[in-house]
Amino acid sequence: MPDYAGAVTRLPVVVLISGTGSNLAALLTAARAEDCPYAVTAVIADREATGLEHARAAGIPTQVVRLADHPDRAAWDTALADAVATHRPQLVVLAGFMKLVGTPLLEAFGGRIVNTHPALLPSFPGAHGVRDALDHGVKITGCSVIEVDAGVDTGRILAQAAVEVCEEDTEATLHERIKAVEQPLLVDVVRRLTAAS
Ligand code: GRF
């Protein structure tokens, strides 16, 4: 949507991470394109994740909301939802966020939270999707971008991409190849969802 100066008004996106933030980095790189319909306006982590560096390098506000700093899980859920809501995002992206989100976030942003998962859902949900697929002996795995609901990786599937499993794969080598297709897939979904809003 162009503003009065003809510039594109970008929709605000908040990204939640726990890890190295390669998916976050891909979102930030894509956001440098002139026609990108979104801007990452904050990055929030549940720990001092190394991926926060990508946001700091780009001058984007970061926040760490640790479970251990709260009396219980419910208090943390509320603090997380409040931290996200401060930035009034159009879309919330879980990019390697290794905690289930609670009712406060789901109630505030229901239908506007997406998650990326390193397996072809509904197979291999949960925290060890790559390892579980490898252990099962599948020949094709991949990644899924889903709409987040109250279940564990049960939400509506928005996009998927397949990755072949090689004979010599370890969890690490397979996860690296999955991440290589996961990053553009996530960028594509986030672009699509923010462009259509
Ligand atoms: C991604 O593969 C994501 O699907 C999974 O953990 C990984 C996070 O990677 N839940 P990164 O932190 O974005 O590099």
Side-chain angles (χ1 to χ4, degrees), residues 13-32 38 40-58 60 62-67 80 84 89 91-102 105 113-136 138 140-166 169-193:
V13 169
V14 169
V15 182
L16 271 54
I17 65 167
S18 299
T20 57
S22 63
N23 286 287
L24 165 66
L27 287 166
L28 293 174
T29 300
R32 294 208 288 261
Y38 68 84
V40 177
T41 52
V43 177
I44 298 172
D46 65 321
R47 62 196 78 178
E48 196 43 61
T50 55
L52 288 168
E53 282 312 317
H54 295 297
R56 290 177 183 138
I60 292 166
T62 62
Q63 189 176 345
V64 179
V65 184
R66 287 183 196 80
L67 183 54
L80 181 68
V84 172
L91 191 69
V92 181
V93 179
L94 311 188
F97 189 64
M98 300 308 285
K99 283 207 170 54
L100 286 180
V101 297
L105 197 74
I113 310 173
V114 298
N115 183 32
T116 176
H117 180 76
L120 292 176
L121 294 169
S123 293
F124 312 116
H128 304 292
V130 179
R131 188 191 308 168
D132 293 345
L134 201 54
D135 288 351
H136 195 91
V138 297
I140 304 279
T141 184
C143 53
S144 309
V145 180
I146 62 168
E147 193 178 293
V148 174
D149 65 11
V152 178
D153 299 323
T154 50
R156 188 164 68 96
I157 295 169
L158 302 172
Q160 290 185 309
V163 172
E164 216 171 311
V165 180
C166 302
D169 260 331
T170 62
E171 184 180 356
T173 59
L174 181 56
H175 201 168
E176 275 317 301
R177 288 207 317 289
I178 290 172
K179 282 187 179 191
V181 299
E182 185 179 30
Q183 292 155 16
L185 190 77
L186 179 64
V187 167
D188 187 59
V189 169
V190 173
R191 282 192 66 121
R192 198 150 42 85
L193 292 178

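Residue indices begin at 1 and follow the sequence shown. Just so you know, ligand 1 is whichever comes first in the structure, and atom 1 is the first atom listed for that ligand.
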Does any part of the side chain of Asp169, heavy atoms only, come nearer than 4.5 Å to the side chain of Arg177, both counted from C-beta?
yes
With a 4.5 Å heavy-atom cut-off, do Ile113 and Phe97 have their side chains touching?
no
So, the side chain of Ser144 versus the backbone of Leu121: is there a donor-acceptor pair under 3.5 Å, distance only?
yes
Donor-acceptor pair, distance only, cut-off 3.5 Å: does the side chain of Tyr38 make one with the backbone of Leu27?
yes
Does ligand 1 have any N/O pairs with the protein under 3.5 Å, and how far apart?
| from | atom 1 | to | atom 2 | distance (Å) |
| --- | --- | --- | --- | --- |
| ligand 1 | 2 (O) | His175 | NE2 | 2.6 |
| ligand 1 | 2 (O) | Glu182 | OE1 | 2.7 |
| ligand 1 | 2 (O) | Glu182 | OE2 | 3.4 |
| ligand 1 | 4 (O) | Thr116 | O | 3.2 |
| ligand 1 | 4 (O) | Glu182 | OE2 | 2.3 |
| ligand 1 | 9 (O) | Lys179 | NZ | 3.3 |
| ligand 1 | 12 (O) | Thr20 | N | 3.1 |
| ligand 1 | 12 (O) | Thr20 | OG1 | 3.4 |
| ligand 1 | 12 (O) | Gly21 | N | 2.8 |
| ligand 1 | 13 (O) | Ser22 | N | 3.2 |
| ligand 1 | 13 (O) | Ser22 | OG | 3.4 |
| ligand 1 | 13 (O) | Asn23 | N | 3.0 |
| ligand 1 | 13 (O) | Asn23 | ND2 | 2.9 |
| ligand 1 | 14 (O) | Thr20 | OG1 | 2.6 |
| ligand 1 | 14 (O) | Gly21 | N | 3.4 |
| ligand 1 | 14 (O) | Ser22 | N | 2.8 |
| ligand 1 | 14 (O) | Ser22 | OG | 2.6 |
| ligand 1 | 14 (O) | Lys179 | NZ | 2.8 |

In the structure I gave you, are the side-chain heavy atoms of Leu28 and Ile60 within less than 4.5 Å of one another anywhere?
yes
Would you list the pairs meeting salt bridge (Lys or Arg N to Asp or Glu O under 4.0 Å) in which at least one residue belongs to residues 45-55, sequence neighbours left out?
Asp46-Lys99, Glu48-Arg56, Glu53-Arg56
